[in-house]
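Since the structure comes first, as structure tokens, the remarks are kept for the end.
Residue numbers begin at 1 in each chain, while the letters A, B, ... track the order of the sequences.
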There are 2 protein chains.
Amino acid sequence: MFQANPTKQAAVTTTDKVFEQIQHAIVEGKIPSGSKISEPELAKRYQISRSTLREALNRLEKCHLIERKANIGSRVVDCTIEGLLELYITREALEGMACRQAALNISDDEINQMQAMLNTHGQTQELKDGVAYYQEEGDLDFHYKVILASHNKQLIDLICGQLYHLVRMYRCQFGMNSPRASRAFDEHSRILQAIAERDGELAEMLMRRHIAASRKNIENKIAQQKFTAV
Amino acid sequence: MFQANPTKQAAVTTTDKVFEQIQHAIVEGKIPSGSKISEPELAKRYQISRSTLREALNRLEKCHLIERKANIGSRVVDCTIEGLLELYITREALEGMACRQAALNISDDEINQMQAMLNTHGQTQELKDGVAYYQEEGDLDFHYKVILASHNKQLIDLICGQLYHLVRMYRCQFGMNSPRASRAFDEHSRILQAIAERDGELAEMLMRRHIAASRKNIENKIAQQKFTAV
DNA sequence: AGACGACACATTGTCGACAAATATTTTGTC
DNA sequence: GACAAAATATTTGTCGACAATGTGTCGTCT
């Protein structure tokens, strides 16, 4: 099954739990993007002391969900078009490399697992006619697996531990159920094929194109919106 | 002049100051890599309360200099060969992309600045005959400038705000004054040239080769050490 | 009327103490 | 003497209070 963050273990301390709650609230927009965070208010809301809340805020800052300024306070990061495009460019670099490393380091077991996962995706996708593949976490699921298969702790932590919270936030807030669904599935298949053939160079190139295509898709949408707005 | 972290503003709160002190201590190995961190002891050493220290520890965790486990404690990250190689692979991905973006987004002013900087490097480098270029922060300085020139906040924060503390740590602890000094200077020149010509693809490729060459240089050294050890 | 400064308020930063969890030592038994 | 379990000690997590900093308001002066 899909899990929000394959790198972290279960929440044990109260800070952990509050952190996860606030994290979801931010990702889903319940705490609106760009809004200022009041420590006393949040502490009261979650029935915890300010110290505990601040600890949680620190972790939120670590995944780039909030920004803090000394003696001034914290704000939820705001979702801008530029931010989204910058995020995709960063993903292209990191996931591309992760994909190359996956081709070098993946185990046979992992290959089989991913193949099975893609098969499942393929069936449900045929049924739902491609609408839901992106939206339901199937897409993220595949990307997660690739990243983990890189066996590179640095990459895994950077992407899964930090970037992907932002990715999910943008997806939620911008409501991105792209029409690229069925094409994305094909691209995933080819990427996995390259990985299975241990062709790192090709694997990286395909993953970069895959992400770049998403980015360009977004750019087009934006341009379109601008056009209809005028 | 070179500054430790071009993204952050001056330290204002006591947490900031203590954070910087401990950061330097870890980077320079005064607090040995892999050692456990005692909160009470460090708090006493720096004359601050534990809450303040924990705030500083949170930031250290953010730059991957320490690792924390719930209810167990913090350890300074330990410097391993694998960790170093993983770090270089991540740098290759991120700085390569930063270089490509720099070629697209750099301003003419920035180009001139970098050109001037390289000229300075070239002169001092001729004098010192290439020994010091890597060691003295000249190398990092160039890389910093490239990353900033990408004008991509995400990339800048990831590399300058997080990765580079680790890079400096490894450089300090493994004492890496590589014989690649004079070659590195040439490579920097060509990278800047590609950037100035707005050739993003070439710029990325050259930067990736530049970093990959460093990595392979390290790998060779390791292999050599193993050989002589046997 | 607009600008500057003093005051009051709210928010963030820092502190020391208590509670919970983990590590260590002691004790008892085989 | 070695192992297991209980008791102790240390460390981490959480709390509420105080200090320092920033913000807004009001009154006075030009």
Expected output: side-chain Q173(A) to main-chain I26(A) donor-acceptor under 3.5 Å:
yes
With a 4.5 Å limit on heavy-atom distance, are the side chains of H24(A) and K30(A) in contact?
no
State whether the number of non-hydrogen atoms from other residues, nucleotides or ligands found under 6.0 Å of K36(B) atom NZ is greater than 12.
yes
Please check this pair: side chain of D16(B) against backbone of V12(B), looking for a donor-acceptor N/O pair closer than 3.5 Å.
yes
Mind listing the residues from residues 34-50 of chain A sitting with a heavy atom below 4.0 Å of DNA chain D? Number order is fine.
I48(A), S49(A)
Donor-acceptor contact below 3.5 Å, side chain S33(B) vs main chain C79(B):
yes
Please report the shortest heavy-atom distance between R91(A) and I211(A), naming the atom on each side.
O-CD1, 3.8 Å
Between CG of L140(B) and SG of C160(B), what distance do you get to the nearest 0.5 Å?
10.0 Å
Have a look at S51(A) and say if it touches a base, only the backbone sugar-phosphate, or nothing, with a 4.0 Å heavy-atom cut-off.
base
Which nucleotide span of DNA chain C, 5' end to 3' end, has atoms closer than 4.0 Å to non-hydrogen atoms of chain B?
dG13(C) to dT22(C)
Between E55(A) and V12(B), name the one whose nearest nucleotide on DNA chain D is closer to the 5' end.
E55(A)
Check for a donor-acceptor pair, side chain of Q154(B) on one end and backbone N or O of E86(A) on the other, with a separation under 3.5 Å.
no
Is there a donor-acceptor pair closer than 3.5 Å between any side-chain N or O of T120(B) and the backbone N or O of A116(B)?
yes
Map T52(B) and I72(A) onto DNA chain C by nearest heavy atom, then report which one ends up closer to the 5' terminus.
I72(A)
Please list, for nucleotides 19-21 of chain D, all pairs of protein and nucleotide N/O atoms separated by less than 3.5 Å.
none

Check the distance between dG13(D)'s P and R54(A)'s CZ and give it to me in whole angstrom.
16 Å
Could you tell me whether a side-chain N or O of R68(A) sits under 3.5 Å from a main-chain N or O of S74(A), the two making a donor and an acceptor?
no
